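Some notes on the structure that comes next.
None of the values given here were measured: they were computed from a predicted structure. Here is how names work: the chains are called A, B, and so on, in the same order as the sequence lines, proteins then strands, and each is numbered from 1.
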Amino acid sequence: MSSERRKPYPFDQFEPKWQRVWEDRQVFHAPNPGEKNFDPAKPKFYVLDMFPYPSGAGLHVGHPEGYTATDIVARYKRMRGFNVLHPMGWDAFGLPAEQYAIKTGQHPKLTTRENIAKFKSQLQAIGFSYDWQREINTTDPRYFKWTQWIFLQLYNSWFNPETNKAEPIATYRGQDRDSARLAYVAEVPVNWCPELGTVLANEEVIDGKSEIGGHPVVKRPMRQWMLRITKFAERLIDELEELDWPEGIKLLQRNWIGKSEGAEIDFKIDNYDETIRVFTTRPDTLYGANYMVLAPEHPLVDRLTAQDRQSEVAQYRAKIASKSDLERTDLAKEKTGAPIGAFAINPVNKEKIPIWIADYVLMGYGTGAIMGVPGHDERDLEFARKFNMSILPVVQAPGKTPEESIGFLDDGIAINSPIIDGLPTPEAKKKIIEWLEEHGHGKREINYKLRDWLFSRQRYWGEPFPILWEDGKHRALDEKELPVVPPALDDFKPTGTGEPPLAKSKDWIRYSKTATRETNVMPQWAGSCWYYLRFCDPQNNKRFVGEEPEKYWMNVDLYVGGTEHAVLHLLYARFWQKVLFDLGYVSTSEPFQRLVNQGIILGEDGQKMSKSRGNIVNPDDVIAQYGADAFRLYEMFMGPLEQMKPWSMRGVEGVSRFLARVWRLIMKENQAGEWELSSAVQDVDLSKNQRKILHATIKKVTDDIETLSFNTAISQMMIFVNAFTTVEAIPLSAMRTFLILLNPFAPHISSELWENLKSKGDITAQPWPLYDEQVLLEDEVEIVVQVNGKLRDRMKMSILASDEEVKTAALGNAKIQQFIAGKTVRKVVVVPKKLVNIVTD
RNA sequence: GCUCACGUGGCGGAAUUGGUAGACGCGUACGGCUCAGGACCGUAUGGGGCAACCCGUGGAGGUUCGAGUCCUCUCGUGAGCACCA
């Protein structure tokens, strides 16, 4: 029955019609500089969505949230006279297609093609104004040829600390080039996920489990490709400064990079010709260091362990080695450790302090060794208490005794520390570092939590490396041999041994008599690290992006996507961009000038949408029932773009009703049940009040699009429509202006009505309306009168009334006099054009 | 545990620089139109009170003529990090 019900307005007819028109006429194609129809007089605007992974499930309502926002901006900017680059593509390498292939035998290429077709038709049904001529697909050899090419640039360059830049490897003066390349091979403890049969980057491991699938991850030493992102840590932090990004995301990146400033201090080992270097952010607490801890995996443990400690130390190390990362952090509550029977000499006071191993010290951070300062480090304190060590305060907290200062972590005054006694912490740090440097016991040092990026995966559906192996050494393929296309396989399964599936194709790996191909593939992030560049010049087969288009379009003026990429994609892409910039291939060192994160859309029950909860909303259903315009409008009307918010079908009905009112403002149903232009629409002048509402709407919608406050822009358009539904003669000119304002939000209905009004030209080609401040000026304003801050009355006053006149009027107001009778007026505050506050005793 | 963000009607949410709290939408109630309505149109709608008024932005303090907005503490929700020395 409900499906038989007549649509409130015939969106099912005109929405597909307009989508066809846009496609046929290629209305949204943005020509590059030098191409036909390119207008160099216009400024450019690059507005980008985070391109989706085309999953088999199709689009969910979360995708179009950001896409609608950018589409509104794109359409708006075009009307404002910009050349707008608004592209879409597919981040199509990845696990799901491959796992589907393992299950069904269907090649990931086919699965990907089907999924893309579905995604694309869904996006087109929403009426997004993408330039589909620029569509890209990361799994297309014409695309990943250049992903591989960029890898070669990384492979063929190094980071010069003197220039603080990536440079061609030829400028490297050292012996071993392979040790300096930005892409290098290393045997490192990596995150190995047995279930997925691949290694994962730190960023892909959450709480000891794989981000995808939630499978357990263990540490295991393996030989892997790494990218030297750590060399860019400083710039990745510093250059955030200039970006127009949410502070929260900047903070997330800063925390992930985890810069900490401090010192490295050398401790001589008693009776050995060895020193152990520790990292500390609190060199000023050196006098309080009365033990040392090495990570259990520290290379010096074997050599330094005393005879009588060996079995205990071996036992402890074995116990730690058997634990997964998850267990290791899970058991974090109780400190464990073992003394190795050796002693270090504290360089400031020459005290012999015992050396322990303990798993609370990590090999992967700093030097894998720490000085234990139980007085001023929580973990050391806990450790010292557990093993009955002495605890010496060396920093006195303000307003506390030395004893009370134990456990105090922030700034104070140095005590019990002859070299720096009496100095506040910042100076104490500085002075002791100077002392250490002077005496050759250490130096100022900065450490980062950021690790080099583990860049290889033991999977099938990814970009092969353009690398050959010969005599146990790697070398790069020549550019001319790109792309390296993965071999056809029948069996996509991971081998389980850590050997990649590509190794199964014996023909493919054999490059020559002596050389074999690298069998790892790149991680899913590779393609998305530079896709925004390719959009500038997607068909170029000579270069990854042409110089001129790159220079013209970059960087991205507005980038909208989910927070889930805060430290993954957004960090990796910035890193690649910097390398390409240093090497002179691109014109900017940051890719995304302004970033906005859309909030998650929850199910109708306020819970995260998920299959198991059964609260997933399918865009196709919504569009079938209410139309694409209502869908778009609701996505934006729900609330602020960046906020998390629940879906509501009632809300969709609400905006659908609004669009139906817009429709009936201009169209009437005749006896035959056909829609025709309403006779109420006439070429009449606007009343003063109507003009005011129109201009207020232009202003509000314009300002709100600029600030991405789409929800309030829509409210204002509702106010406009409500004001005009009751009038007898609907002014044609006001309707035309309104339709232009509505167009970015609801492009189909506005196009259809624009045409029905027999307006000149295409609505998408209209200039954006301007408002006139003069029209908005009121000649009378309502002044609020408060007594002691409480609202007591309102009065109409001329806008020209002086403060004094307003004050007099307020005091003379009959109602106000009741409130101030018998009281002394102590003060009268006048806020021009707004309010009067009378303060009494 | 640490860091950050956010707490406003029955619900989603509005509120330049501190200046009329609750725009707009949903829901609800009543009325109209209608053979009918889960369609459409109109009116009302934070709570209490017949009313004048009183109370209201998670809670407690504070600054101010005036606080949803600023400060301190506290509770709750969400996100991120998680022995990073």
State which residue, out of A:Thr697, A:Leu742, A:Ile698, A:Val701, fulfils the side chain to side chain contact (heavy atoms under 4.5 Å, CB included) condition with A:Phe720. A:Thr697
Give a yes or no answer on whether the side chain of A:Tyr291 reaches the backbone of A:Asp380 with a donor-acceptor pair at less than 3.5 Å. yes
Examine distances only and state if a side-chain atom of A:Asn597 and a backbone atom of A:Gly561 form a donor-acceptor pair shorter than 3.5 Å.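 Checked: pair present.
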Would you please say whether a donor-acceptor pair under 3.5 Å links the side chains of [X] and [Y]?
X: A:Tyr316; Y: A:Thr336; answer: yes
X: A:Tyr287; Y: A:Asn346; answer: no
X: A:Thr712; Y: A:Asp704; answer: yes

Interatomic distance, [X] [atom1] vs [N] [atom2] [rounded to whole Å]:
X: A:Ile820; N: B:C65; atom1: CD1; atom2: C1'; result: 15 Å
X: A:Asn837; N: B:A67; atom1: CG; atom2: P; result: 9 Å
X: A:Glu247; N: B:A79; atom1: CD; atom2: C1'; result: 16 Å
X: A:Asp704; N: B:U16; atom1: CG; atom2: P; result: 11 Å
X: A:Leu641; N: B:G12; atom1: CG; atom2: P; result: 18 Å
X: A:Asn722; N: B:C40; atom1: CG; atom2: P; result: 14 Å
X: A:Arg385; N: B:C83; atom1: CZ; atom2: P; result: 21 Å
X: A:Glu382; N: B:G1; atom1: CD; atom2: P; result: 14 Å

Among [options], find the nucleotide with the atom closest to the side chain of [X].
X: A:Phe279; options: B:C24, B:G13, B:A85; answer: B:A85
X: A:Val361; options: B:C83, B:C53, B:A85; answer: B:A85
X: A:Lys827; options: B:C65, B:A14, B:G12; answer: B:C65
X: A:Val829; options: B:G12, B:C65, B:U20; answer: B:C65
X: A:Thr712; options: B:A85, B:C24, B:A15; answer: B:A15
X: A:Asp377; options: B:A85, B:A15, B:G19; answer: B:A85
X: A:Tyr365; options: B:A85, B:C83, B:U20; answer: B:A85
X: A:Leu791; options: B:U20, B:G25, B:C65; answer: B:U20
X: A:Arg794; options: B:C24, B:U20, B:C53; answer: B:U20

Hey, are the side chains of A:Trp356 and A:Phe387 touching, using non-hydrogen atoms and a 4.5 Å cut-off?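 Yes. Closest side-chain heavy atoms under 4.5 Å.
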If you define the side chain from C-beta out and look only at heavy atoms, does anything of A:Gln253 sit under 4.5 Å from A:Leu240?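 Yes - at least one pair of side-chain heavy atoms lies under 4.5 Å apart.
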Whole-Å [atom1] distance, [N] and [M]:
N: B:C73; M: B:G78; atom1: P; value: 23 Å
N: B:G48; M: B:U3; atom1: P; value: 42 Å
N: B:C11; M: B:G18; atom1: P; value: 30 Å
N: B:A44; M: B:A23; atom1: P; value: 12 Å
N: B:C41; M: B:C33; atom1: C1'; value: 8 Å
N: B:U17; M: B:G7; atom1: C1'; value: 24 Å
N: B:C24; M: B:C50; atom1: C1'; value: 33 Å
N: B:C53; M: B:G59; atom1: C1'; value: 27 Å

Rounded to the nearest 0.5 Å, how far does CE of A:Met667 lie from CH2 of A:Trp675? 8.0 Å
Would you mind classifying the nucleic acid contact of [X] as base, sugar-phosphate or nothing, using non-hydrogen atoms under 4.0 angstrom?
X: A:Lys645; value: sugar-phosphate
X: A:Met644; value: sugar-phosphate
X: A:Gln716; value: nothing
X: A:Asn711; value: sugar-phosphate
X: A:Arg826; value: nothing
X: A:Val839; value: sugar-phosphate
X: A:Thr725; value: nothing
X: A:Ser648; value: nothing

Of all the heavy-atom pairs spanning A:Leu595 and A:Pro246, show the shortest one and how long it is.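 Result for this residue pair: O-CD, 3.1 Å.
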Check A:Met638 against A:Pro646 and note the closest heavy-atom contact, atom names and distance.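 Smallest interatomic distance, heavy atoms only, reads CE-O, 3.3 Å.
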Closest nucleotide of RNA chain B for A:Arg282 versus for A:Glu378: which of these residues is on the 5' side?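 On the 5' side of the pair lies A:Glu378.
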Quick check on RNA chain B: between A:Gly789 and A:Val836, whose nearest nucleotide comes earlier from the 5' end?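 Final value for this comparison: A:Val836.
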In residues 250-258 of chain A, which ones come under 4.0 Å of RNA chain B, going by heavy atoms?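 Only A:Leu251, A:Leu252, A:Trp256 qualify.
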Give me the ring orientation class for A:Phe383 and A:Tyr360: parallel if the planes are under 30° apart, tilted from 30 to 60°, perpendicular past 60°.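 Rings of A:Phe383 and A:Tyr360: tilted, as their planes differ by 30° to 60°.
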Under 4.0 Å: is that the gap between some side-chain N or O of [X] and OP1 or OP2 of [N]?
X: A:Gln643; N: B:G13; value: yes
X: A:Arg650; N: B:G27; value: yes
X: A:Arg657; N: B:G27; value: yes
X: A:Arg661; N: B:C24; value: no
X: A:Lys790; N: B:G56; value: no
X: A:Arg664; N: B:C41; value: yes

Ion pair check, A:Glu669 and A:Arg664, cut-off under 4.0 Å: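 Salt bridge absent between A:Glu669 and A:Arg664.
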When you check the gap from the basic side-chain N to the acidic O, do A:Glu382 and A:Lys386 get nearer than 4.0 Å? no
Please classify B:G78 as syn or anti, treating any glycosidic angle within 90° of 0 as syn.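 What B:G78 shows is an anti base, its glycosidic angle lying more than 90° from 0.
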Quick one: the side chain of A:Lys449 and the base of B:C81, do they pair up donor-acceptor inside 3.5 Å?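 There is none.
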Base-paired stems in RNA chain B, each at least three Watson-Crick or G-U pairs under 3.5 Å: B:1-7 with B:75-81, B:10-12 with B:24-26, B:27-32 with B:40-45, B:46-48 with B:53-55, B:58-62 with B:70-74
